[in-house]
> 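Take this structure, written in structure tokens, and hold onto it; I'll ask about it next.
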2 protein chains.
Amino acid sequence: MLKNSEFVSKLRNSGLRPTKQRLKICEVLFNRDKTFHFTINDLAKNISKNFNKKISLATIYNTVHAFKDKGYLKEITISSDKSYFDTNITKHHHFYDEDTNLLIDCNDNEIGKVNIKNNITGKKISSVEVLVRVASDYQNQN
Amino acid sequence: MLKNSEFVSKLRNSGLRPTKQRLKICEVLFNRDKTFHFTINDLAKNISKNFNKKISLATIYNTVHAFKDKGYLKEITISSDKSYFDTNITKHHHFYDEDTNLLIDCNDNEIGKVNIKNNITGKKISSVEVLVRVASDYQNQN
DNA sequence: CAATAGTTTAGAATGATTATAATATAAATT
DNA sequence: AATTTATATTATAATCATTCTAAACTATTG
Ligand SMILES: [Mn+2]
Ligand SMILES: [Mn+2]
Ligand SMILES: [Zn+2]
Ligand SMILES: [Zn+2]
């Protein structure tokens, strides 16, 4: 539950001007109790529903990518045609419900620490992500 | 190192007619000692280089998707704009080298078993995949 | 209040993937 | 082995999410 002036600082601190559009997008994304997952399309619909002045799709793309670059969003790719953004930027894993197409955060009492015994020589690990796909029992599994 | 007649059976057994094009693609993908990762683009280039008669891009897409549906290939999605296919269809995890854009298979002495303590109620796990992104030590990490 | 740098926008361009529908091939049937 | 039927391939067009362009707009600075 951040307020407008906090978004202004947040944007200024990252070298982004606090424009009307960016503040509106901040409000939609970050002015909540819980983090959530969304697609660009979800966000565009959400904004057009809850904002009288329209924000162009190019700006929505630009802003989401800027926020991702600044580390305010993470991108989670499920398949070649499904990409989600996540307002939860802490390290965490996901369940993906193939029936509902919903991403669900895992916490530590759901997936234990991944044990990486050997890394590639000369490389540093930049992220470790687990994706657990789930579906109804009686549905076709692949 | 399978031979042509084995590919013919394999295709027939899955209800796919053993056409010239599909057999050529089988040869390129499965007539090897080691499994590997490829993009559609890689495969198309490979075929045009090693085959005198061209296979249309539509057929390459169709065949790769048919093979994936039949379980002869797995798809590994790295980001919204990078999708790989894998001829290793066993359960395994991956390192992704952000410097070289190369996918590398993990074996059990690199990543231990993922401990899933609680699953979503009423759902069955259809896959568990770990992706470890790595990059050079001195490179920008995100 | 300029001047400047950064931002938004509508619309065009891109490019990977998929659809179309005519032609070709494989399999099944006579 | 000729005919019929089902399936596959192909060139090409269509789709559509994303990115690009460049003109208009806005926030910031002096
Ligand atoms: Mn695909
Ligand atoms: Mn993107
Ligand atoms: Zn999440
Ligand atoms: Zn692999």
Side-chain angles (χ1 to χ4, degrees), chain A residues 4-5 7-29 38-48 51-70 72-73 75-85 101, chain B residues 4-5 7-29 38-48 51-70 72-73 75-85 101:
Chain A
N4 200 271
S5 68
F7 293 137
V8 172
S9 317
K10 184 173 179 163
L11 290 169
R12 284 232 177 80
N13 290 338
S14 10
L16 298 170
R17 289 184 179 173
T19 63
K20 257 198 323 296
Q21 292 85 348
R22 283 173 178 160
L23 287 168
K24 180 65 193 177
I25 293 173
C26 278
E27 190 193 316
V28 168
L29 295 181
F38 66 93
T39 64
I40 292 274
N41 191 42
D42 293 339
L43 179 59
K45 276 197 222 145
N46 187 327
I47 286 168
S48 71
F51 197 35
N52 45 1
K53 189 168 175 331
K54 111 173 242 211
I55 299 180
S56 86
L57 194 54
T59 297
I60 294 176
Y61 273 98
N62 288 341
T63 303
V64 166
H65 286 140
F67 286 4
K68 184 191 168 189
D69 292 344
K70 297 299 180 184
Y72 303 143
L73 292 173
E75 190 170 4
I76 314 290
T77 308
I78 297 302
S79 65
S80 34
D81 54 4
K82 247 183 252 315
S83 178
Y84 291 82
F85 290 89
N101 288 357
Chain B
N4 200 271
S5 68
F7 294 136
V8 172
S9 317
K10 185 174 177 161
L11 290 169
R12 284 233 176 79
N13 290 338
S14 10
L16 298 170
R17 290 182 176 175
T19 63
K20 255 197 325 294
Q21 292 86 347
R22 283 171 179 162
L23 286 168
K24 180 64 191 177
I25 293 173
C26 278
E27 190 193 315
V28 168
L29 295 181
F38 65 93
T39 64
I40 293 274
N41 192 40
D42 293 340
L43 179 59
K45 276 197 221 145
N46 187 328
I47 286 168
S48 71
F51 197 35
N52 45 0
K53 188 168 176 331
K54 108 173 243 211
I55 299 179
S56 86
L57 194 54
T59 297
I60 294 175
Y61 273 98
N62 288 341
T63 303
V64 166
H65 286 139
F67 287 4
K68 183 191 168 189
D69 292 344
K70 297 298 180 183
Y72 304 143
L73 291 173
E75 189 170 6
I76 314 290
T77 308
I78 297 302
S79 66
S80 35
D81 54 3
K82 247 183 252 313
S83 178
Y84 292 82
F85 291 89
N101 287 358

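These numbers come from a predicted model, not from an experiment. Proteins get letters first, then strands, A, B, ... in listed order; numbering begins at 1 in each.
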> Is there side-chain contact between Phe85(A) and Leu29(A), with at least one heavy-atom pair below 4.5 Å?
no

> Counting only side-chain N and O atoms of Lys53(B), is one of them less than 4.0 Å from OP1 or OP2 of dT10(D)?
yes

> Tell me which nucleotide among dT8(C), dA17(D), dA27(C) gets nearest to the side chain of Pro18(B).
dA27(C)

> Return the value, rounded to whole Å, for the distance between atom CD1 of Ile55(A) and atom C1' of dC25(D).
15 Å

> Check whether any side-chain heavy atom of Ile78(A) sits under 4.5 Å from a side-chain heavy atom of Thr77(B), and report yes or no.
no

> Figure out the OH/C1' separation between Tyr61(A) and dA10(C), and round it to whole Å.
16 Å

> Would you mind reading off the distance between Lys24(A) atom NZ and dT9(C) atom C1', rounded to a whole angstrom?
19 Å

> When rounded to the nearest 0.5 angstrom, what distance separates CG in Asn62(A) from CZ in Arg22(A)?
8.0 Å

> Categorize Lys82(B) for me: base, sugar-phosphate, or nothing, with a 4.0 angstrom heavy-atom threshold over every strand shown.
nothing

> Rounding to an integer number of Å, can you tell me how far Leu57(B) CG sits from dT17(C) P?
9 Å

> For Ser80(A) and dT17(C), is the shortest distance between a side-chain N/O and OP1 or OP2 below 4.0 Å?
no

> Are OP1 or OP2 of dT18(D) and a side-chain N or O of His65(A) less than 4.0 angstrom apart?
no

> Could you give the NZ-to-P distance, from Lys20(B) to dA24(C), as a whole number of Å?
12 Å

> For Asn62(A) and dT18(D), give me the distance from atom CG to atom C1', rounded to whole Å.
11 Å

> Starting at the 5' end of DNA chain D, which residue's closest nucleotide do you reach first, Thr19(B) or Asp81(B)?
Thr19(B)

> In whole Å, what is the span from the OH atom of Tyr84(B) to the P atom of dA16(C)?
14 Å

> Going through the distances and angles, do Ser80(B) and Glu75(A) end up as a side chain to side chain donor-acceptor pair (under 3.5 Å)?
CA-CA 9 Å; Ser80(B) 35; Glu75(A) 190 170 4; 3.0 Å; yes

> NA contact type, Lys54(B), heavy-atom cut-off 4.0 Å: base, sugar-phosphate, or nothing?
sugar-phosphate

> Does any N or O donor sit under 3.5 Å from an N or O acceptor when you compare the side chain of Arg17(A) with the base of dA5(C)?
yes

> To the side chain of Ile40(A), which of dA8(D), dT10(D), dT18(D) is closest?
dT18(D)

> Does dT26(D) have OP1 or OP2 sitting under 4.0 Å from an N or O in the side chain of Gln21(A)?
no

> Under the criterion side chain to side chain donor-acceptor pair (under 3.5 Å), I'd like the reasoning laid out for Thr39(A) against Asp42(A): C-alpha separation, chi angles, the key distance, then a yes or no.
CA-CA 5 Å; Thr39(A) 64; Asp42(A) 293 339; 3.1 Å; yes

> Heavy-atom distance under 4.5 Å between the side chains of Leu11(B) and Leu23(B), does that happen here?
yes

> On a plain distance test, is the side chain of Arg22(B) in donor-acceptor contact with the base of dA8(D) below 3.5 Å?
no

> Measure CG/Asn13(B) against P/dA27(C) and give the value in whole Å, please.
13 Å

> Under 4.0 Å from OP1 or OP2 of dT9(C): is there any side-chain N or O of Thr59(A) that close?
yes

> Let me spell it out: for each of Ser83(B) and Arg12(B), pick the nucleotide of DNA chain C with the closest heavy atom. Which residue's pick is nearer the 5' end?
Ser83(B)

